[in-house]
Every structure is written in C-alpha cells, then in structure tokens.
Amino acid sequence: MTSQSDTDKFEQHRQDKIEKLAALGIDPYGSRYDQVEPAESIKARFQDEQEGQHARCAGRIVLFRDIGKLVFITLRDRSGTIQVGLSKSILKDQWPLAKLLDLGDIIGAVGQLGRTRTGEITIWVEENGLAFLSKCLAQPPEKFHGLADIDQRYRQRYVDLWANPEVMERFKKRSAIIATIRQFLEARGFLEVETPMMQAIAGGAAAKPFITHHNSLDLDLYLRISPELFLKRLLVGGLERVFEINRSFRNEGLSRRHNPEFTMIEVYQAYGDYNVMMDLTEELIGSCVAAHCADTNVTFGDCDVNLARPWRRARYADLLKEHSGCDIDDIDAVRRKARSLELDESAMDDAVVVNEVFEATVEDALIDPTFVLDYPAVLCPLTKRSKTDPRYADRFELFIAGMELANAYTELNDPAQQYENFLVQLKGQEDTMATMDTDFIKALKYGMPPAGGLGIGIDRLVMILTGATTIRDVILFPHLKPVDAPTPG
RNA sequence: GGGAGUGUAGCUCAGUCGGUAGAGCAACGCACUUUUAAUGCGUAGGUCCUGGGUUCGAGUCCCAGCACUCUCACCA
C-alpha cells in the first residue's frame, strides 16, 4: 500500500458519507445559515444559566467524542469554541446523522443551552437542529499538536488558521491594529489615498524592483518600491494631510524581517517637519500599544521591550560614539573600527563606512523604542538638510528590538536641490533601475509645502505588538517557493 | 550565494553499537447517555527525501543532489 492510496482510502470513506447524506436528501455542502451567534458570546450570555435559553451556532468540528448514544463535539468558529451535544433521545429521527459527522466538517447547530456534569456549557441539539454546511474530505491535522510543519503552515494557512487558534488571534489583532491606525489618522484630518502600484519609474527608495509588462502599451513597468513620490505630488496638489497603507515590493533577499511584498504606511503632513512626525509616530504607535497590548512591557524573542512613553531620542552621531566609541568626524577611527568588525571598508565612501559601523554596533542594541535623529545628509537624498549643520539631514528612524520600524524626515521641497540629489543617487546605482523622475521635479517646481513625511513598517509593528519574531507569522500568505506541480497521470 | 540543522505512517515524533520498522493521535471495526486531547478491545497503514557508494547486511556510515528551517551575506 502506498501512502497515496491511504489518502484515497481516507477520502473515499468520507465520500461514502456524502453519498449516504445525499441518499437521505441532505446537501452535504449546505446553504445559507442565518442568525448565527458567535460561540464565545453564547457562552458569555449563559453565565447566568437561566433555564430555557436557546442558541444557534455554526463552525468547524475540531474535536469529536462519540460515546455511544451521546456525541460531544467541540465546534470552532471565528470567536472561539463551544461544545455541542448530540443525544439519541433528543435527536430522534436525526440521530443517524450524528454518525455521518467527521472531524473537520462544518456544521450548524440549534438547541437548548445547558451544562454537563462537569460544568461545560453545551448546546444540546434539538430535533432537526443539526445542519450539514460543508463536508471535510481532506484529512485534518493531528488534533493535539495541530499543524506544526512550518512549511505546511504557511502553504496551507487555510488549515493553520483553525488548527492553531493563536494564529487566528494574531491575524485578528493585525486587522485591529490597522483599524486603530486608520481611526487615529482620520481623527486628525488625514485623508486615505491610493497611488499607483505599477510605476514607470520605481522611486522613493533605493531598492531593486520587480518588473512587469503591459501588453497593449508594450511597456515595462515596475511594482512600486515605495509610494513616496506620488504622495508628495498630492501635497503639491493641496491635499495637505494624506496617508496610504500600501503594499510595496522589493526584489531582495528574504529574512525573518523581510518579505518581498510588505505593508507599510506612509503619512505626509504639510507645514510639519520631522519633529512633528516624531511626536505623531510616538502617539500613533503608543495608541496601538494602549489598544492592543496588555501592558507596555512586551516580550520579543529573547528581548524584554519597554514600550512606555516617552521614548528615547538620540542623535545618530551620539549613538555612534556611545556604541562604537568612534567620533563621527574622525573617519580614521571609524575605518579602524570597521576593520576590527571585519568589514571590507577599503572601497566604501566615508559616509557608507560610518553607516556600516553604525548598523553593526548600534542597531542591535536599540531594544526599547529609540528615535535615531539627524542622519548624515548624503544618506538622505529626499530629505531637507539641517539649517544648523548641513552635513546632517532632518531625518529620524525609529528602532524597536533592534529592528527598523519607522523612517521619517522633513521633506525636501527645493526642486533644484532634489534634482542634484537624484543625479548623485543615480551614479553607480544601475542595478536598482533608478531613473531620473523629471515629472517629480516638475511637480516640485509648482511648489510643495514644507512637510513632514513618515513611513512605518506595518508588518514589523505587528511583529512587535504580537511577539512574532518572524515576519512570516504576521503575513497570511508569505512568499514561498512554489511547489512543483505533480506530473499528471 | 556561504555555514549549520532537519527530512521515518495522513499528523506529531521515537528508533541504542550497522542486524528484518515503533508509539500517540487520525483512520477502519466493536462497545459505551455527560465526555473534555473521552475510554477500552481489535484491524489496517511505510519509496525511512532521491540517487550512488562501503558492507554478508544501511533508517543508521560515506558521497552527491533535492526540499525545508535557522543563520550570515545582500537589503535607505
């Protein structure tokens, strides 16, 4: 016997039950089922145990205990679980149907609420109160360990979601966090907008894009690496406060913090600057913490993270000094440090070496939320330079648990300076497909109000707030290599 | 692309020194009207990832490949 025929045998047994149901005139794939109450709300309202209460619920059979003339079912729906009891003496003519149920089936149940001997709240299904809504033909995962194989969990998220309740909880929380963000911004007068995901010029970041092709225009297009340049066009247009919760795409390596397509939010506020955005960031994420975390201390892998406000604000140069011992202006010292970190600095520009040392020594150490302020200007082509020291740009990044969570700056609105920066950026970046965005320069020539702009990695934020140390646990269908299709025949 | 690890029943996993493949759950059959991962008895289920090699004999040792995981590199 091969395993394939075992699987077929399993499916055949269940197929047989479908045919038995059909012979009884019952559609195993059911239909509309109204007035369904979530399992957890049924249990909540029965706490007072008033006699004669009815309930109507629907869900998937995740546990099945057949003890003769009595069957106990644990039914799972989006809210949780509830026990459903089938009794031969109550079901009467419908009793034989109880023996056609299997683990994994989706059913509806109506009946009296009661408690069993051990106190479990149970829906005792009444006569004709059992509804077949969908037969499960495929074999469900093991009931106690759930679906544990990581690859299968991501590939078959449709099983993972009900086999592992904490998975469903995490994705419900993700939705709730995004709802909180929307409410927060809408309450402050920000308008949610949508800008192109297919762009002729992939701008707003330095990353390798994915290429796609428009047939009838015979035109190569890029999947956006950032919505930034379009959102700033909207500032020129006078929308003044906009945000986009956007999927962006970067053709780079995968890691526990990187998925090729990821969700971020970008926010632009006319007449603001990066200090305004820093306050906004702290309040925005703070409101998510308040709404969705039990308290401000969260665990993230091996880290204990304290999210209590206010958050530390420290200059880039000061953090470099603190963690590497190097003065940012002493390039020889920085290069010595780079060599001691086994970085090959010989071919790097000064600013790049500084940033490499910064990333190697500082970022991992920023566990509690830390705003890193005032980046070297050469690293920031879209950012306005500091009025007091033009070597630095008015930009911050927010780090939590060693992870870059947000990036914001005072937007550069000088078209001549922006044009110069683009030219510098284009040198030696052929592999990023970077192209001069002359239309963006033209837009700036019409006048863009001074503005603060902010980007927050939504996936990473959800990771922090739900304790998921890999980005694939907060993305419903993370990128995976496709499985080879089985050869037909 | 580099390094490390994993791959055994549908699922979760054992498998000792190289000596004819094991458990729990799921499945199938029987019993059971208050179970809680129900229980008891019975049955069935294997390309030990793939291909080579060593050996009288390989799930086990060696080589190569594949897949996945972790990690490093890449990554405004």
Side-chain angles (χ1 to χ4, degrees), chain A residues 1-14 16 62-74 81-91 95 98 102-104 114-122 124 136 138-156 159 163 203-208 225-226 228 250-260 262 342-344 351-352 355-356 358-360 372 375-383 393 395 397 404 407-409 421 425 429 431-432 434 455 457 469-470 472 480-484:
Chain A
M1 279 291 170
T2 66
S3 59
Q4 186 56 51
S5 75
D6 281 343
T7 306
D8 291 347
K9 209 157 72 179
F10 178 93
E11 195 171 316
Q12 190 57 51
H13 278 121
R14 295 197 169 199
D16 291 347
V62 291
L63 292 172
F64 189 85
R65 298 176 288 279
D66 178 353
I67 45 180
K69 297 183 181 63
L70 207 55
V71 170
F72 291 102
I73 288 167
T74 303
T81 58
I82 189 162
Q83 177 162 275
V84 170
L86 304 175
S87 158
K88 184 180 181 183
S89 60
I90 302 176
L91 276 179
W95 172 246
D102 285 306
L103 222 45
R115 282 188 195 266
T116 60
R117 189 180 290 167
T118 48
E120 176 101 13
I121 296 171
T122 302
W124 289 103
C136 176
Q139 193 157 13
E142 204 254 12
K143 65 185 179 186
F144 184 59
H145 297 93
L147 190 61
D149 181 83
I150 292 170
D151 190 52
Q152 276 193 53
R153 283 188 44 223
Y154 298 141
R155 286 188 197 282
Q156 296 189 278
V159 176
K208 297 187 192 76
I225 55 176
S226 153
E228 171 157 351
R250 296 187 182 177
N251 204 342
E252 290 157 1
L254 285 68
S255 79
R256 61 164 54 189
R257 297 170 180 186
H258 298 85
N259 197 61
F262 64 102
E342 297 181 356
L343 296 168
D344 182 11
V352 176
N355 204 43
E356 290 284 327
F358 183 89
E359 288 180 4
V372 179
Y375 276 67
V378 291
L379 299 172
C380 312
L382 298 161
T383 308
R395 169 182 173 188
E397 290 193 358
E404 181 196 332
N407 179 21
Y409 33 86
N421 290 357
Q425 189 190 8
Q429 288 201 0
D431 61 334
T432 63
T469 54
T470 168
R472 290 188 296 184
L480 300 167
K481 285 192 203 173
V483 188
D484 289 340

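None of these values were measured; they are calculated from a predicted model. Values below: every heavy atom of this structure, side chains too, minus hydrogens, waters and symmetry copies.
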*Protein proximity profile, nucleotides 38-43 of chain B - base contact B, sugar-phosphate-only contact S, no contact -, cut-off 4.0 Å on heavy atoms*: B-----
*In whole angstrom, give me the gap between the C1' atoms of B:G53 and B:U60.*
15 Å
*Of all the choices, B:U12, B:C28, B:U34, which nucleotide is nearest to the side chain of A:Arg117 once you look at every atom?*
B:U34
*Nearest-Å distance, CD1 (A:Ile150) to C1' (B:A67)?*
14 Å
*To the nearest Å, how far apart are A:Phe10 CZ and B:C11 P?*
12 Å
*Please list, chain by chain and in numerical order, all residues satisfying side chain to side chain contact (heavy atoms under 4.5 Å, CB included) with A:Lys69, sequence neighbours excluded.*
A:Lys88
_Using Watson-Crick or G-U wobble geometry with both distances under 3.5 Å, which nucleotide pairs with B:G5?_
B:C68
_On a heavy-atom basis, which atom in A:Ser226 and which in A:Gly204 lie closest, and how many Å separate them?_
OG-O, 3.6 Å
*Just checking A:Trp124: base, sugar-phosphate only, or nothing, at a heavy-atom cut-off of under 4.0 Å?*
base
*Assess whether side-chain hydrogen bond (donor to acceptor under 3.5 Å, both in side chains) is satisfied between A:Arg395 and A:Asn407, documenting all intermediate values.*
CA-CA 8 Å; A:Arg395 169 182 173 188; A:Asn407 179 21; 3.0 Å; yes
*How long is the line joining CG of A:Leu103 and P of B:C28, in whole Å?*
10 Å
_Gap in Å between the two C1' atoms, one belonging to B:G5 and one to B:G42, rounded_ = 41 Å
_A:Ser89 side chain, from C-beta outward: closest of B:U35, B:C28, B:U33_ = B:U33
_Nearest-Å distance once atom P is located in both B:C56 and B:G15_ = 28 Å
_Exam field: side chain A:Gln156 to backbone A:Val159, donor-acceptor pair closer than 3.5 Å_ = no
*Using a cut-off of 4.0 Å on non-hydrogen atoms, how would the nucleic acid contact of A:Arg153 be classed: base, sugar-phosphate, or nothing?*
nothing
*asked:* For B:A73, give the paired nucleotide (Watson-Crick: N1-N3 plus N6-O4 or O6-N4; G-U: N1-O2 and O6-N3; both under 3.5 Å), or none.
replied: none
*asked:* On RNA chain B, does the nearest nucleotide to A:Asp149 precede the nearest nucleotide to A:Leu70 from the 5' side, or the other way round? Give the residue.
replied: A:Asp149
*Under a 3.5 Å cut-off for both distances, is B:A14 Watson-Crick or wobble paired, and to whom?*
none
_On RNA chain B, does the nearest nucleotide to A:Thr122 precede the nearest nucleotide to A:Thr470 from the 5' side, or the other way round? Give the residue._
A:Thr122
*Listed by chain and number, what are the salt bridge (charged side-chain N to carboxylate O under 4.0 Å, His left out) partners of A:Arg14, not counting sequence neighbours?*
A:Asp102
*Candidate nucleotides B:U33, B:G24, B:A26, ranked by approach to the side chain of A:Glu142 - the nearest*: B:G24
*Could you check which nucleotide pairs with B:G51 in any of the strands shown, counting Watson-Crick or G-U wobble with both distances under 3.5 Å?*
B:C63
*Considering only side-chain heavy atoms of A:His145, which listed nucleotide, B:A27, B:U35, B:U12, is closest?*
B:U12
_Could you tell me how far B:U34 sits from B:A44 if I compare only their P atoms? Round to whole Å._
32 Å
*asked:* So does A:Glu120 get a backbone contact from the side chain of A:Thr122, meaning a donor-acceptor N/O pair under 3.5 Å?
replied: yes
*From the options B:U36, B:U71, B:C68, select the nucleotide whose nearest atom is closest to the side chain of A:Arg256.*
B:U71
_Between P on B:G10 and CG on A:Asp102, what's the gap in Å once rounded to a whole number?_
18 Å
*State the pairing partner of B:A37; accept Watson-Crick or G-U wobble contacts with both distances under 3.5 Å, and report none otherwise.*
none
*Mind checking what makes side chain to side chain contact (heavy atoms under 4.5 Å, CB included) contact with A:Leu63, not counting sequence neighbours?*
A:Arg65, A:Thr74, A:Lys143
*Interatomic distance at C1', B:U16 relative to B:U54, whole Å*: 22 Å
*Nucleotide nearest A:Gln152 (side chain, heavy atoms from C-beta), chosen from B:A27, B:C68, B:C11*: B:C11
*Name the pairing partner of B:G19, where a pair is Watson-Crick or G-U wobble with both distances under 3.5 Å, or state none.*
B:C56
*asked:* Applying side chain to side chain contact (heavy atoms under 4.5 Å, CB included), can you list everything that pairs with A:Ile121, at least two apart in sequence or on another chain?
replied: A:Lys43, A:Phe46, A:Gln47, A:Leu113, A:Arg115
_Taking the P atom in each of B:C49 and B:U6, what is the distance between them to the nearest angstrom?_
13 Å
*Base, sugar-phosphate alone, or nothing: which one does A:Pro381 contact when heavy atoms must sit under 4.0 Å apart?*
base
_Looking at the base of B:U35, is there any donor atom on it, or on the side chain of A:Thr116, that sits under 3.5 Å from an acceptor on the other one?_
yes
*Under 4.0 angstrom, heavy atoms only, what part of the nucleic acid is A:Gly146 near: base, sugar-phosphate, or nothing?*
sugar-phosphate
*Could you pull out all residues at least two apart from A:Thr469 that satisfy side chain to side chain contact (heavy atoms under 4.5 Å, CB included)?*
A:Arg256, A:Phe300
_Distance test, side-chain N/O of A:Arg472 to OP1/OP2 of B:C68, below 4.0 Å_ = no
*asked:* Measure CD/A:Glu11 against C1'/B:C28 and give the value in whole Å, please.
replied: 16 Å
_Pairwise C1' distance, B:A67 and B:G45 [rounded to whole Å]_ = 25 Å
Contact list (N/O, under 3.5 angstrom) for nucleotides 72-75 of chain B vs protein:
from	atom 1	to	atom 2	distance (Å)
B:C74	O2	A:Gly253	N	3.4
B:C75	O2'	A:Glu252	OE1	2.7
B:C75	O2'	A:Glu252	OE2	3.4
B:C75	O2	A:His258	NE2	2.6

*Whole angstrom value for the distance that separates C1' of B:A67 from CG of A:Asp151*: 8 Å
*OP1 or OP2 of B:C11 under 4.0 Å from side-chain N/O of A:Gln139*: no
*State which residues pass salt bridge (charged side-chain N to carboxylate O under 4.0 Å, His left out) with A:Arg250; sequence neighbours excluded, sorted by chain then number.*
none
*Give the minimum heavy-atom separation between A:Gly203 and A:Ile225, together with the two atoms involved.*
O-CG1, 3.5 Å
*Under a 4.5 Å cut-off applied to non-hydrogen side-chain atoms, are A:Leu86 and A:Trp95 in contact?*
yes
*May I have the distance from A:Leu147 (atom CG) to B:U12 (atom C1'), rounded to whole angstrom?*
10 Å
*A:Asp66: salt bridge (charged side-chain N to carboxylate O under 4.0 Å, His left out) partners, not counting sequence neighbours*: A:Lys99
*Rounded to whole angstrom, note down the C1' distance from B:C11 over to B:G7.*
15 Å
